[in-house]
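Report on one structure; see the data block that follows.
Letters A, B, ... mirror the listed sequences (proteins, then strands); counts begin at 1.
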2 protein chains.
Amino acid sequence: MKKSTHTAILCEKCKSVNKSLIRFCSVSELESVNYSKTCITYKRGEALFQEGAMPLGMFCISSGSIKIVKEASGGKEQIIRIAGTGDSIGYRSLIMHQRYSTSAIATEDSKVCLIPREEFTKISANNNQFYEAIMLLLCEEIENSQNKMAEIAYKPVRGRVAEALILLAQMANPQGIINLTREDLASFVGTVKETVIRTLSEFKGEHLIEIDKRCIKVLNINGLESVSGLYD
Amino acid sequence: MKKSTHTAILCEKCKSVNKSLIRFCSVSELESVNYSKTCITYKRGEALFQEGAMPLGMFCISSGSIKIVKEASGGKEQIIRIAGTGDSIGYRSLIMHQRYSTSAIATEDSKVCLIPREEFTKISANNNQFYEAIMLLLCEEIENSQNKMAEIAYKPVRGRVAEALILLAQMANPQGIINLTREDLASFVGTVKETVIRTLSEFKGEHLIEIDKRCIKVLNINGLESVSGLYD
DNA sequence: TGAAAAAGATGACTTTTATCATATTTTTGA
DNA sequence: TCAAAAATATGATAAAAGTCATCTTTTTCA
């Protein structure tokens, strides 16, 4: 897949840098990253990497939104998490020296920098703070996926959709508008699109959200929280 | 919770050591571990630690079986994983400097060594191999829980039970006999006990397993695999 | 910009799985 | 060891969510 690279932004000028892993880099490391990285623009639906491929490097999301997905039973797709501006993805396969166990696909047009494997390895070998930050990220990811696992197992769809909306609204663009396919939303909470659509209609009827075309705006976070909490 | 300590086994004599994280310790580190650790016997149902408590150290399972559980919706319990001989547990909270996000409960009488927090911290700070091994364990745990998440979301109960039986049979005692409450099995695959019981009856009828009291013996792994794979 | 494709919405129906009730067997511990 | 408690087993029923069909709206891109 040939991708056109966009004009590189220097990491230190990138508005997502203080959220990103690379904030732990020294000045000289940053310089090296700036030199070696590739900046790529992905359109909605395009893949940064595919399950089963060899890892190329670490991706830093400088803007946009990327879904991390896994093939599931019956050709269905499970969205493991959704990464946004400032998040780094793809480093786990790098650490494990293994093929990607998930795919990463842009859910909206996104700007992403790819830090090549060697660069990543060099930094993690020399920069302890960076290495420890990764360790913490891994720990958080474990916690998140365990929580999600328990939720999918025992919380009814209504509660899961409510929770997902809260989470997505928080990480969404300034105005908290969620722009995600119903199908993606379904993969994210572990159902099918029809069920999500129905649940969203309910929420709309209860004035918890507002729907404009594909976009969902949360009107009443507390309300959603209590829906979600009903099943805790 | 006062627990009687059993006679300490020297780590180097422990039959689980070559599976355990502490195989990466140097001779002098091992000496220190031997000196500082506490060896505890837990009876079935007893907790090594509880969700919400501050971490005491890292637990090494020298024999037995421990379920890692999380409170889920409706007072239900989700078993995140089941750890056996040679597995280490509880290190993640140590790394994150946070309270336990799960509880650990013995599913059979177990012998466990507790390596105190300070000891753990000391080793991870000085022994790079040890530290990296933990990193890899974290990565594996992420992968496992993501797989499990996708499975619970989209694979029907029958397939999940089949898969669980395969996994449990592999990690079980020599003869591959699974000794787990139906309720625990249910928490493990994310259902209720009645459904598990029914599924097990089916499998018994199909000569895939044999049931003797609580114990389940897998007769036909390939058969179970194809049941599980049916839904991939 | 306008036709084709994709996504959203909704109803009818089915399937899966949970719940409840109850009886039996197994395990536990005084 | 034996009575009480816990776990297993099974049927009947209910509820939740999935599937399928169809129609409308929105988006895409030639």
Side-chain angles (χ1 to χ4, degrees), chain A residues 43-46 67 72-78 105-109 151-162 164 177-205 209-217 227 230-231, chain B residues 43-46 67 72-78 105-109 151-162 164 178-205 209-216 227 230-231:
Chain A
K43 289 212 285 267
R44 197 160 89 81
E46 289 180 330
K67 62 176 174 180
S73 304
K76 284 186 178 136
E77 175 182 273
Q78 170 71 38
I105 295 166
T107 59
E108 48 185 74
D109 297 357
E151 222 175 67
I152 292 179
Y154 292 115
K155 192 182 257 195
V157 170
R158 203 175 132 84
R160 268 143 56 200
V161 173
I177 283 164
I178 301 164
N179 180 354
L180 206 61
T181 283
R182 303 292 178 260
E183 184 118 41
D184 276 349
L185 205 42
S187 309
F188 190 48
V189 303
T191 358
V192 295
K193 65 171 182 306
E194 292 93 333
T195 302
V196 163
I197 289 170
R198 281 182 241 269
T199 308
L200 289 177
S201 303
E202 281 175 35
F203 289 169
K204 189 173 142 194
I209 60 171
E210 200 172 74
I211 298 181
D212 177 31
K213 316 258 164 70
R214 158 170 315 151
C215 293
I216 301 166
K217 180 167 182 189
V227 167
L230 258 187
Y231 310 101
Chain B
K43 288 213 285 266
R44 197 160 90 80
E46 289 180 331
K67 62 176 173 180
S73 304
K76 285 189 177 134
E77 174 181 274
Q78 170 71 37
I105 295 167
T107 60
E108 46 185 75
D109 297 357
E151 221 175 67
I152 293 179
Y154 292 115
K155 193 181 257 196
V157 170
R158 203 176 133 83
R160 269 143 58 200
V161 173
I178 301 164
N179 180 355
L180 205 61
T181 284
R182 303 293 178 261
E183 184 119 42
D184 276 348
L185 205 43
S187 309
F188 190 49
V189 304
T191 358
V192 295
K193 64 173 180 303
E194 292 93 332
T195 303
V196 164
I197 289 171
R198 281 183 241 271
T199 308
L200 290 177
S201 303
E202 282 173 35
F203 289 169
K204 189 173 140 193
I209 60 170
E210 199 174 74
I211 298 180
D212 176 33
K213 316 262 163 67
R214 156 170 316 148
C215 293
I216 300 166
V227 167
L230 258 186
Y231 311 102

Does [X] pair with [Y] as a salt bridge, N-O distance under 4.0 Å?
X: Lys43(B); Y: Glu108(B); result: no
X: Glu202(A); Y: Arg158(A); result: yes
X: Lys67(B); Y: Asp184(B); result: yes

Once you round it to whole Å, what is the distance between [atom2] of [N] and [atom1] of [X]?
X: Ile178(A); N: dA7(C); atom1: CD1; atom2: P; answer: 18 Å
X: Ile197(B); N: dT26(C); atom1: CD1; atom2: C1'; answer: 13 Å
X: Arg44(A); N: dC29(D); atom1: CZ; atom2: P; answer: 9 Å
X: Leu200(A); N: dA9(C); atom1: CG; atom2: C1'; answer: 11 Å
X: Lys193(B); N: dT10(D); atom1: NZ; atom2: P; answer: 15 Å
X: Ile152(B); N: dT16(C); atom1: CD1; atom2: C1'; answer: 16 Å
X: Glu183(B); N: dT19(C); atom1: CD; atom2: P; answer: 12 Å
X: Lys155(B); N: dT15(C); atom1: NZ; atom2: P; answer: 22 Å

5′-ward residue of the pair Leu180(B)/Lys76(A) relative to DNA chain D: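 The answer here is Leu180(B).
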Which residue lies more 5' along DNA chain C, comparing Lys204(A) with Lys213(B) via nearest heavy atoms: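 In this pair, the answer is Lys204(A).
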Evaluate the side-chain contact (heavy atoms from CB on, under 4.5 Å) criterion for residues Glu151(B) and Arg160(B): first the C-alpha distance (whole Å), next the side-chain angles of each, then the deciding distance (0.1 Å), finally the verdict. CA-CA 7 Å; Glu151(B) 221 175 67; Arg160(B) 269 143 58 200; 4.0 Å; yes
Counting only side-chain N and O atoms of [X], is one of them less than 4.0 Å from OP1 or OP2 of [N]?
X: Arg182(B); N: dA9(D); result: yes
X: Ser201(A); N: dT10(C); result: yes
X: Thr195(A); N: dG18(D); result: yes
X: Arg198(A); N: dT10(C); result: no
X: Arg214(B); N: dT8(D); result: yes

When you measure from the side chain of Glu194(B), which nucleotide among dA18(C), dG18(D), dT10(D) comes out closest?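 Selected nucleotide (nearest to the side chain): dT10(D).
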Applying the side chain to side chain contact (heavy atoms under 4.5 Å, CB included) criterion to Ile211(B), which one of Ile197(B), Ile178(B), Leu200(B) satisfies it?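 Of Ile197(B), Ile178(B), Leu200(B), side chain to side chain contact (heavy atoms under 4.5 Å, CB included) with Ile211(B) is met by Leu200(B) alone.
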